[in-house]
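Predicted, not measured: the structure shown is a model, and the values here were computed from it.
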Amino acid sequence: MAEIAAFIRSLPLPFIALTLFGIYALITTIFIIMENRSPQSTLAWMLVLLGLPALGIVIYLFFGRGYKAFSQQRKLVHQELGGPLTGVLTTLAQAEAGVIARLQADQRVRYRHKLLQLVRQNPNSMLTAWNRLEILQNADQKYPRLLADIEAARQFIHMEYFSWSEDRFTEQVRELLIRKAREGVEVRILVDALSFNRLSRRYVQGLRDAGVEIYGYLNFLSLFKIHNISYRNHRKLAVIDGRIGYLGGMNMGQEHLDGGPHFPGWRDTHLRLVGEAALVLQAIFVTSWFNTKPEALSDAKYFPPVDRGSLDYLPVHITTAGPDSQWAAIKQLYFAMISAAEKRIVIQSPFFIPDDSIREALLAAAFSGVEIKIMCTPRGTTYSIPYWAANTYFKEMAEAGIRIFLYREKYFHPKTISIDSEICCVGTANMDVRSFTIDYEANAVVYDRDITEQLEADFEADLACCDEFTLEGYKKRAWPVHLRDSLARLASPVL
């Protein structure tokens with residue numbers, strides 16, 4: 001051993017450093033290749049890890065690890081509707097076949113079976129039949145309804161939000177939730193960890209002292225629950241007594257009412273669901289809660305029986321997605337809807353950064369004669385890179401004959417898609433790579449012509465607040481702007 005140590009000490013330091021780097025490069029290259037990422041992602045992470053040997057490892061630990069790399073993987077319950085925590089939904093799952101058969105019997109829409117097969121095959125989806133549904137446009141419609149339902153709650157209030165601000169409106173919500181908790185109503189709140197850690201100690205402790213349970217979802221800032229910072233809980237849902245559910249684009253904050261410091265207003269879309277679909281939203285929350293606390297909310301009282309006599313036959317299909325999903329369920333849903341459309345596709349999303357599959361599906365639909373309209377926002381609140389990148393995709397879409405509309409003045413935040421005035425989808429997922437593969441999301445697909453036509457009518461009304469993106473106008477912009485947009489596009493996978 002002494003001879004070996006002496007030999008090593010005799011070697012030049014540059015040689016030793018080069019040898020160690022070679023060993024490091026071999027190990028990291030094999031590790032990244034064995035993760036079986038996309039070729040682009042594999043090459044990008046190899047560049048980061050080899051170009052920044054020390055910093056690169058830190059970046060990878062917080063941003064790059066895939067779900068399977070987590071030591072706590074076996075402790076996390078996957079979001080399988082009807083899974084171990086939500087077996088009470090078995091009855092709904094067993095009824096799916098009948099609902100699917102009834103929908104497929106409608107000859108007006110021949111392609112429905114393609115979408116419905118996604119429900120049958122994907123454990124992250126569930127189709128329900130008996131519901132009532134309202135489209136709530138903007139916070140001045142959603143917030144009063146939500147607060148009234150919270151006021152009327154008798155057993156429990158469950159809320160799961162991406163962003164929860166501390167402001168005039170949420171102070172009102174806080175006081176209401178404290179009062180309900182003191183009345184004996186169970187109140188549980190999950191907030192995406194980054195947003196949660198921005199709340200003051202006073203705000204959180206006041207809730208907890210009254211009996212409200214509030215936590216950051218899979219808090220990656222905890223040494224005991226370290227999680228990938230990129231994996232955000234982007235869901236915005238609430239469930240009241242297991243009978244009423246909310247799902248859509250609006251978070252909890254005053255900015256949804258007045259636009260905040262950057263905009264004169266806020267444009268958004270949410271759903272209020274009563275019936276079986278609310279039970280599916282409850283299942284989503286129950287799984288998220290267990291993975292955060294953990295506490296199994298599997299008692300029957302959290303999944304009350306549905307009174308079909310007070311509901312309509314209104315098929316609603318809830319789909320979830322996240323980095324722990326085996327399949328990219330929401331991306332597959334969007335792809336199937338776009339590919340199935342025969343006449344018309346209408347999309348609303350604040351961001352437009354499609355991956356290659358969605359991009360090609362839209363282009364193919366346009367070339368086959370389907371009318372496509374896409375409405376987005378041209379700018380954001382605090383950062384601009386996603387909006388710059390979107391310009392390059394707008395250009396490609398416009399070249400294929402797709403019409404792009406940019407909502408001015410108010411911040412534009414809905415996440416909707418409808419096809420042929422027959423089927424529509426409203427939820428939390430943006431039309432971007434992050435929502436497809438990185439964030440935890442939830443969407444509702446509604447198989448109803450009247451609801452879809454109402455959503456499309458709202459789209460047409462929004463056109464009065466839009467400017468159309470044109471190829472001529474974009475080409476006239478200075479070349480540094482085009483370069484800026486193209487450089488921004490390179491970051492598309494994580495925007």
| request: Apply side chain to side chain contact (heavy atoms under 4.5 Å, CB included) to the pair E441 and K415, showing each step before the final yes or no. | output: CA-CA 11 Å; E441 306 282 5; K415 301 95 165 49; over 6 Å; no
| message | For the residue pair N291 / S288, report whether a side-chain donor-acceptor contact shorter than 3.5 Å exists. | response | no
| Taking only residues two or more places apart in sequence, or in another chain, which ones meet K331 in a side chain to side chain contact (heavy atoms under 4.5 Å, CB included)? | A328, D355, S357, I358, F436
| request: Using only heavy-atom distances, determine whether the side chains of Q454 and D458 contain a donor-acceptor pair under 3.5 Å. | output: no
| note | Separation between CG (D268) and CD (Q348), nearest 0.5 Å, reads 9.5 Å
| request: Please work out which of the three classes, parallel, tilted or perpendicular, describes the rings of Y393 and F352, given edges at 30° and 60°. | output: perpendicular
| said: Closer than 3.5 angstrom, by distance alone: can the side chain of N131 be matched with the main-chain N or O of A277 as a donor-acceptor pair? | reply: yes
| query | Which residues satisfy the side chain to side chain contact (heavy atoms under 4.5 Å, CB included) test with R344, sequence neighbours excluded? | reply | V346, E371, K373, D420, S421, E456, E460
| field | Trace of the side chain to side chain contact (heavy atoms under 4.5 Å, CB included) decision for T377 with L406 | value | CA-CA 5 Å; T377 186; L406 302 178; over 6 Å; no
| task | May I ask you to check whether F169 and Y143 place their ring centers less than 6.0 Å from one another? | result | yes
| message | A side-chain contact here means heavy atoms from C-beta on lying under 4.5 Å apart; do I284 and R235 qualify? | response | yes
| note | Between Y161 and L237 the two heavy atoms that sit nearest each other are CE1-O, 3.6 Å
| When you check the side-chain N and O atoms of S165 and E255, is any donor under 3.5 Å from an acceptor? | no
| message | Side chains of W289 and Y217: any donor to acceptor distance under 3.5 Å? | response | no
| field | Over 12 non-hydrogen atoms of neighbours within 6.0 angstrom of CZ in R202 | value | yes
| query | With no hydrogens and no angle check, is any side-chain donor or acceptor of D299 less than 3.5 Å from a backbone partner on Y302? | reply | no
| Which class fits the ring pair Y447 and H317: parallel under 30°, tilted 30 to 60°, perpendicular over 60°? | parallel
| message | Do D192 and S195 pair up side chain to side chain, a donor and an acceptor below 3.5 Å, judged on atom types alone? | response | no
| Over 12 non-hydrogen atoms of neighbours within 6.0 angstrom of CZ in R179 | yes
| query | Do you see a donor-acceptor pair shorter than 3.5 Å between the side chains of H234 and D439? | reply | no
| Note: R145-E134 ion pair, threshold 4.0 Å (strictly below) | yes
| Would you call E171 and R168 a salt bridge, using N to O less than 4.0 angstrom? | no
| query | Strictly by modelled atom types, are Y334 and N443 linked by a side-chain donor-acceptor pair under 3.5 Å? | reply | yes
| task | Validate the cation-pi geometry between R188 and F156: distance from NZ or CZ to the six-membered ring centre under 6.0 Å, angle to the ring axis within 45°. | result | no
| Is it true that the NZ or CZ of R379 lies under 6.0 Å from the centre of F412's six-membered ring and within 45 degrees of the ring axis? | no
| field | Rounded distance (nearest 0.5 Å) linking atom CD1 of I374 with atom CD1 of I404 | value | 4.0 Å
| field | Close aromatic pair by centroid cut-off 6.0 Å: Y313 and W130 | value | yes
| query | Is the closest basic N to carboxylate O distance between R154 and D241 below 4.0 Å? | reply | no
| task | Say whether Y246 and R272, considering side chains only, have a donor N or O and an acceptor N or O under 3.5 Å apart. | result | yes
| request: Quick one: pull up NZ in K410 and CG in D258 and give me the separation to the nearest 0.5 Å. | output: 11.5 Å
